[in-house]
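Beneath this line is the structure, given in structure tokens, with notes to follow.
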Amino acid sequence: MLPQTYVADLPERIGTEATVRGWVVTTRSSGKIAFMVLRDGTGYLQCVLGKQETDPETWERFRRAPQETAVAVTGMVREDARSPGGAELSVSAVEILGEAVDFPITPKEHGTAFLFEHRHLWLRSRRQVAIMQIRHEVVQAIRDFFYERHFVLVDTPILTGSIGESAGTLFETPYFDLGTAYLAQTGQLYLEAAAAALGRVYCFGPTFRAEKSKTRRHLTEFWMVEPEMAWYDSDDNMRLQEEFVSYIVGRCLERRAQDLLELERDTAPLERVAPPFHRLSYTEAIRMLQSLGSGIEWGADLGADEETTLASQYDRPVFVYDYPKAVRAFYMKENPADPRTVRNNDCLAPEGYGEIIGGSQREDDHDKLRARIRELGLPEENYAWYLDLRKFGTFVHSGFGLGVERTVAWICGMPHIREAIAFPRMMTKLYP
RNA sequence: UCCGGAGUAGCUCAGCUGGUAGAGCAGGCGGCUGUUAACCGCCGGGUCGGGGGUUCGAGUCCCUCCUCCGGAGCCA
């Protein structure tokens, strides 16, 4: 193929001839001059062609290229303030590489149902491209954060036996002679085993919840990053979380400013994300909610409205810690100061985005953990290996899980997390 | 699963107390030397979600089913 230049590199190529391959975003023309905006994944480029400067065939091919036609355009790179991006291409040749007839996503408004039916094509639009760039930055920031701190990546299984946070919301699949396997809801329990081998570890991958949820905060398949740290108690855990979240947000502000601008995201609330985050015990949270007029009683879990109310009291993320044991998972460490509660925490994002992290110190006392498993009627034989971790050198440890799509939705300022992943899986969406 | 809302042109929608459909955009043709979702003129385009009922007559009223959207619970 011809030597090719990427749009992002054009500012360094001013005054030279270049060939750019990409897809037609829009064309505009008057009688004697025509414009084409091209997308190549690295940016957007305006191309210009004057009728007098070319032959009739090239002129027609250029000004009539329908939306999303794949083209190669060759011309001189010029600096021009009237062009979005600053650089512009004065076209001398156009080659049609792939025709596009009646592209369904027009530059006008569409409903969400239509857009998600055409997700494979919708992904090409400016907003979606910007969102994917930010997601990419979030993922890279996550990996860099842990790499820089010498955490070891341990990949946990996606196919598991019946083990996890709670039964009843697991996707099932037949598994040879062993009956049923389940798609993992979390890698945490496996990571606890890995933490005893490697100290500080994390896993990062898709997780699955067969919850029949229909809200702006839920997907049936979502990406979660879960670190697990030996010798971290609940306070150490929260310190790591605030450092982690601030690092991710900071990276997006620093490196994806253009995409945040494309999304018209007000970055002021993101600039404020820095340690320390506010900390509020569950008991304090209940008191605060009651003083704000909520009828919630001690012992009840916090709902979406309560979370939004609490988060709106602060200008940056807030931790709520030490929840009642009854509303939290079996593996959480009983609070020595108040055995009605466990040493866990949620991290609530501001601006109504709700829970982005759930974390806890883990129960490291063998007998207490086994009692809890029995108390909840969990199948003890499935947890034998997990109990082993408390028999052979048990250790203080903590960890947390951060939902990637919720984090991306918050950073992008999007109302719904389904746009935060290229091909969202939801109760009513399996196509495309 | 529960509560609320919506299915009319390719898309987004309008269509009142029943009288067999309409606007913008997209598409096609023409015009315009610097456009930024360009603009101006003309043209084609519909089993009104499916089924049943009431009526002389149903997009409109009734029943039912389906699909989608928003919210709740669950959670990341």
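Every chain is numbered from 1 and lettered A, B, ... according to where its sequence line falls, protein lines coming before strand lines. For the numbers below, each heavy atom of this structure counts, side chains included, while hydrogens, waters and symmetry mates do not.
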Would you indicate what [X] reaches in the nucleic acid, counting non-hydrogen atoms under 4.0 angstrom: base, sugar-phosphate, or nothing?
X: Leu219(A); result: base
X: Thr215(A); result: base
X: Arg126(A); result: nothing
X: Arg217(A); result: base
X: Gly111(A); result: sugar-phosphate
X: His416(A); result: sugar-phosphate
X: Thr407(A); result: nothing
X: Lys214(A); result: base
X: Arg78(A); result: base
X: Gln52(A); result: base
X: Asp346(A); result: nothing
X: Gln67(A); result: nothing
X: Phe222(A); result: base
X: Leu402(A); result: nothing

Checklist line | Partners meeting ring pair (Phe, Tyr, Trp, His ring centres under 6.0 Å) with Phe114(A) (sequence neighbours left out) | finding: His110(A), His118(A)

Does one side chain, of [X] or [Y], offer a donor that lies under 3.5 Å from an acceptor on the other?
X: Gln46(A); Y: Arg28(A); result: yes
X: Thr169(A); Y: Arg209(A); result: no
X: Asn344(A); Y: Ser360(A); result: no

Measure the distance from [atom1] on [X] to [atom2] on [N] and round it to the nearest whole Å.
X: Leu121(A); N: G10(B); atom1: CG; atom2: P; value: 18 Å
X: Leu302(A); N: A72(B); atom1: CG; atom2: C1'; value: 15 Å
X: Met426(A); N: C75(B); atom1: CE; atom2: C1'; value: 16 Å
X: Gln46(A); N: A38(B); atom1: CD; atom2: P; value: 11 Å
X: Tyr331(A); N: C75(B); atom1: OH; atom2: P; value: 10 Å
X: Leu170(A); N: A76(B); atom1: CG; atom2: P; value: 13 Å
X: Phe103(A); N: C25(B); atom1: CZ; atom2: P; value: 20 Å

Notebook entry, point to check: Hey, is the main chain of Ala8(A) close enough, under 3.5 Å, to the side chain of Thr42(A) for a donor-acceptor pair?
Noted result: yes

Does OP1 or OP2 of [N] have a side-chain N or O of [X] closer than 4.0 Å?
X: Arg82(A); N: U35(B); value: no
X: Thr428(A); N: C69(B); value: yes
X: Arg63(A); N: G34(B); value: no

Notebook entry, point to check: Which of these, Thr186(A), Thr207(A), Thr156(A), sits in a side chain to side chain donor-acceptor pair (under 3.5 Å) with Glu226(A)?
Noted result: Thr186(A)

Notebook entry, point to check: Is the charged tip of Arg149(A) near the ring of Phe145(A): under 6.0 Å from the six-membered ring centre and within 45° of its axis?
Noted result: yes

Checklist line | Watson-Crick or G-U stems of RNA chain B, 3 or more pairs, under 3.5 Å, by first number | finding: B:1-7 with B:66-72, B:10-13 with B:22-25, B:27-31 with B:39-43, B:49-53 with B:61-65

Notebook entry, point to check: Are side-chain heavy atoms of Glu405(A) and Trp223(A) found at a separation under 4.5 Å?
Noted result: yes

Notebook entry, point to check: Heavy-atom distance under 4.5 Å between the side chains of Arg200(A) and Phe146(A), does that happen here?
Noted result: no

Taking the same atom, [atom1], in [N] and in [M], what whole-Å distance lies between them?
N: U35(B); M: A21(B); atom1: P; answer: 43 Å
N: C11(B); M: C48(B); atom1: P; answer: 15 Å
N: U55(B); M: C65(B); atom1: C1'; answer: 23 Å
N: G24(B); M: A9(B); atom1: C1'; answer: 12 Å
N: C42(B); M: U47(B); atom1: P; answer: 26 Å
N: G53(B); M: U17(B); atom1: P; answer: 25 Å
N: G10(B); M: G51(B); atom1: C1'; answer: 27 Å
N: A23(B); M: G4(B); atom1: P; answer: 36 Å

Let's test your reading of the model: under 3.5 Å, does the base of [N] pair with the side chain of [X] as donor and acceptor?
X: His218(A); N: C75(B); result: yes
X: Arg406(A); N: C75(B); result: yes
X: Glu88(A); N: G34(B); result: yes

Out of [options], which nucleotide sits closest to the side chain of [X]?
X: Arg28(A); options: A38(B), U1(B), A76(B); answer: A38(B)
X: Ala113(A); options: C68(B), U33(B), U36(B); answer: C68(B)
X: Ala304(A); options: U36(B), U33(B), A72(B); answer: A72(B)
X: Arg64(A); options: C29(B), A76(B), G71(B); answer: C29(B)
X: Lys429(A); options: C68(B), G30(B), G73(B); answer: C68(B)
X: Ser213(A); options: G27(B), G70(B), C74(B); answer: C74(B)
X: Glu355(A); options: A76(B), U35(B), U1(B); answer: A76(B)

List, one per line, each side-chain donor-acceptor pair under 3.5 Å for residues 415-430 of chain A, sequence neighbours excluded.
| unit_1 | atom_1 | unit_2 | atom_2 | d |
| --- | --- | --- | --- | --- |
| His416(A) | ND1 | Arg418(A) | N | 3.1 |
| Glu419(A) | OE1 | Gln128(A) | NE2 | 2.8 |
| Arg425(A) | NH2 | Pro432(A) | O | 2.6 |

Notebook entry, point to check: With centres under 5.5 Å and planes under 30° as the test, does Phe35(A) stack with G34(B)?
Noted result: no

Item checked: Neighbour count above 12 (heavy atom, 6.0 Å) for Glu99(A) CD -> no

Item checked: Comparing Thr106(A) and Val48(A) on RNA chain B - which has the more 5′ nearest nucleotide -> Thr106(A)

Margin query: Go nucleotide by nucleotide along RNA chain B from the 5' end; which of Glu306(A) and Pro66(A) gets its closest nucleotide reached first?
Written below: Pro66(A)

Checklist line | Steps toward side chain to side chain donor-acceptor pair (under 3.5 Å) verdict (Asp102(A), Gln67(A)) | finding: CA-CA 8 Å; Asp102(A) 294 334; Gln67(A) 189 188 354; over 6 Å; no

